[in-house]
Each structure stands twice: as structure tokens, then as C-alpha cells.
Colleague: 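The structure is given below, and queries will be raised subsequently.
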Amino acid sequence: MYVILLRFSSNKARAADHMAGHQEWISAGVDEGVFHLVGSIRPDLGGAVIASGVSPEDLQARVDADPFVVHDVVTAEIIDIAPNLTDSHMSFLTH
């Protein structure tokens with residue numbers, strides 16, 4: 001599983017210009033079963049995504065295609081986590 005941190009860069013003011021494409025990118029990740037949770041880092045610092053089911057290389061390519069990343073609205077950090085124990089609602093992450 002992965003945690004993706006999307007922290008606003010100095011181009012944060014351009015977020016509105018690329019919001020539609022970013023939201024399409026998020027929707028595609030959810031629809032394809034790769035993204036399980038998407039939310040904001042408070043207070044207004046960027047966003048975070050929990051993802052699984054793809055290789056690190058495929059996830060990097062997906063993140064690199066985010067319009068916010070392409071246009072330097074955010075910088076992305078991918079954290080690769082090997083879950084050992086989960087709540088029963090999240091047990092799919094340990095497979």
C-alpha cells in the first residue's frame with residue numbers, strides 16, 4: 001500500500017487552472033480501484049491519497065500524470081508501506 005502526499009508548491013495559486021484535470025485524475029484512480037482514500041492535508045497544505053494494487057513503477061507513472069504534478073502545483077511524495085496488521089475493514093491491504 002502507498003500513501004501519496006501532494007504538498008502545495010510555490011505555484012499553489014495555479015490550482016484552480018488545473019482543478020478539473022486533477023479531479024478527473026482522482027476519479028480515474030478511484031474508479032480503477034487504485035485509490036482508496038483521497039483527502040486534504042490540513043490546514044490547506046495539499047492532499048493525501050491511500051493507494052494499493054499497483055507496482056511502484058505504475059504508481060509513479062500515475063502520479064507523474066496528475067495535472068497538479070505536471071504543472072508544479074504540488075510536489076508528490078510516495079511512501080511505500082508494508083502493512084502487517086489492519087482493521088478488518090482494511091484487510092484487503094495486507095494481501
Side-chain angles (χ1 to χ4, degrees):
M1 93 170 240
Y2 307 93
V3 174
I4 306 159
L5 301 176
L6 302 170
R7 297 185 192 273
F8 283 123
S9 72
S10 59
N11 288 331
K12 177 182 175 181
R14 297 191 59 212
D17 298 338
H18 305 288
M19 185 61 75
H22 176 69
Q23 289 176 336
E24 289 174 10
W25 175 81
I26 290 169
S27 292
V30 171
D31 292 346
E32 294 166 14
V34 175
F35 296 166
H36 307 294
L37 177 143
V38 178
S40 297
I41 302 173
R42 294 190 274 195
D44 198 30
L45 298 174
V49 179
I50 293 178
S52 72
V54 294
S55 70
E57 297 80 17
D58 288 346
L59 184 63
Q60 185 67 60
R62 182 180 292 268
V63 169
D64 289 346
D66 175 2
F68 272 15
V69 172
V70 170
H71 297 283
D72 193 33
V73 174
V74 299
T75 58
E77 177 184 3
I78 299 172
I79 302 167
D80 189 343
I81 299 173
N84 293 316
L85 179 65
T86 65
D87 173 274
S88 61
H89 297 97
M90 299 182 73
S91 63
F92 67 95
L93 294 171
T94 59
H95 299 304

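All residue numbers refer to positions in the sequence shown, counting from 1. Hydrogens, waters and symmetry mates play no part in the numbers below; they use all other heavy atoms, side chains included.
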Colleague: Using the test ring-ring contact (aromatic ring centres under 6.0 Å, His included), find all partners of His22 that sit at least two apart in sequence or belong to another chain.
Modeller: Trp25, Phe68

Colleague: Under 4.0 Å between a side-chain nitrogen and a carboxylate oxygen: does that hold for Arg14 and Asp72?
Modeller: no

Colleague: Find out if a path of hydrophobic residues (ILVMFWY) with successive side-chain heavy-atom gaps under 4.5 Å connects Met19 to Val70.
Modeller: no

Colleague: As an exercise, state the distance from CG of Leu59 to CG of Asp80, rounded to the nearest 0.5 Å.
Modeller: 9.0 Å

Colleague: Remaining members of Leu85's ILVMFWY cluster at a side-chain heavy-atom cut-off under 4.5 Å?
Modeller: none

Colleague: Checking Ser40 side chain against Gly47 main chain: does a donor-acceptor pair fall under 3.5 Å?
Modeller: no

Colleague: Would you name the heavy atoms of Ser91 and Thr86 that are closest together and state the gap between them?
Modeller: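 Reported closest heavy-atom pair: CA-OG1, 3.2 Å.
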
Colleague: Show the nearest heavy-atom pair for residues Met1 and Ser52, with the distance to one decimal.
Modeller: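 Here Met1 and Ser52 meet closest at CA-CB, 4.1 Å.
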
Colleague: Val3 and Leu45: same hydrophobic cluster, using ILVMFWY side-chain contacts below 4.5 Å?
Modeller: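 Yes, Val3 and Leu45 fall within the same hydrophobic cluster.
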
Colleague: I'd like to know if Leu5 and Phe35 are part of one continuous hydrophobic network [Ile/Leu/Val/Met/Phe/Trp/Tyr, side-chain heavy atoms within less than 4.5 Å].
Modeller: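 Not linked; separate clusters.
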
Colleague: Applying the 4.5 Å side-chain criterion to the ILVMFWY set and letting contacts propagate, would Val63 and Val30 be lumped into a single cluster?
Modeller: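 Both belong to a single hydrophobic cluster.
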
Colleague: Quick one, Asp17 with His71, criterion side-chain contact (heavy atoms from CB on, under 4.5 Å). Give me CA distance, side-chain angles, the key distance, then yes/no.
Modeller: CA-CA 10 Å; Asp17 298 338; His71 297 283; over 6 Å; no

Colleague: Taking all atoms of both residues into account, what is the closest heavy-atom pair of Gly29 and Arg62, and its distance?
Modeller: CA-NH1, 3.5 Å

Colleague: Applying side-chain hydrogen bond (donor to acceptor under 3.5 Å, both in side chains), name anything that partners Glu77, two or more places apart in sequence or on another chain.
Modeller: none

Colleague: Applying salt bridge (Lys or Arg N to Asp or Glu O under 4.0 Å), can you list everything that pairs with Glu24, at least two apart in sequence or on another chain?
Modeller: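 Checked Glu24 against salt bridge (Lys or Arg N to Asp or Glu O under 4.0 Å); zero matches.
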
Colleague: Quick one: CD1 on Ile26 to CG on Leu6, what's the gap to the nearest 0.5 Å?
Modeller: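 Going from CD1 on Ile26 over to CG on Leu6, the span is 8.0 Å.
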
Colleague: Applying side-chain contact (heavy atoms from CB on, under 4.5 Å), run through Ile41 and Phe8 and close with a yes or a no.
Modeller: CA-CA 10 Å; Ile41 302 173; Phe8 283 123; over 6 Å; no

Colleague: Could you list the residues that satisfy side-chain hydrogen bond (donor to acceptor under 3.5 Å, both in side chains) with Asp31, not counting sequence neighbours?
Modeller: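 Partners of Asp31 by the side-chain hydrogen bond (donor to acceptor under 3.5 Å, both in side chains) criterion come out as none, since no residue qualifies.
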
Colleague: Quick check: is Ile50 connected to Tyr2 through a chain of hydrophobic side chains (ILVMFWY, heavy atoms under 4.5 Å apart)?
Modeller: no

Colleague: Who are the side-chain hydrogen bond (donor to acceptor under 3.5 Å, both in side chains) partners of Asp58, not counting sequence neighbours?
Modeller: Ser55

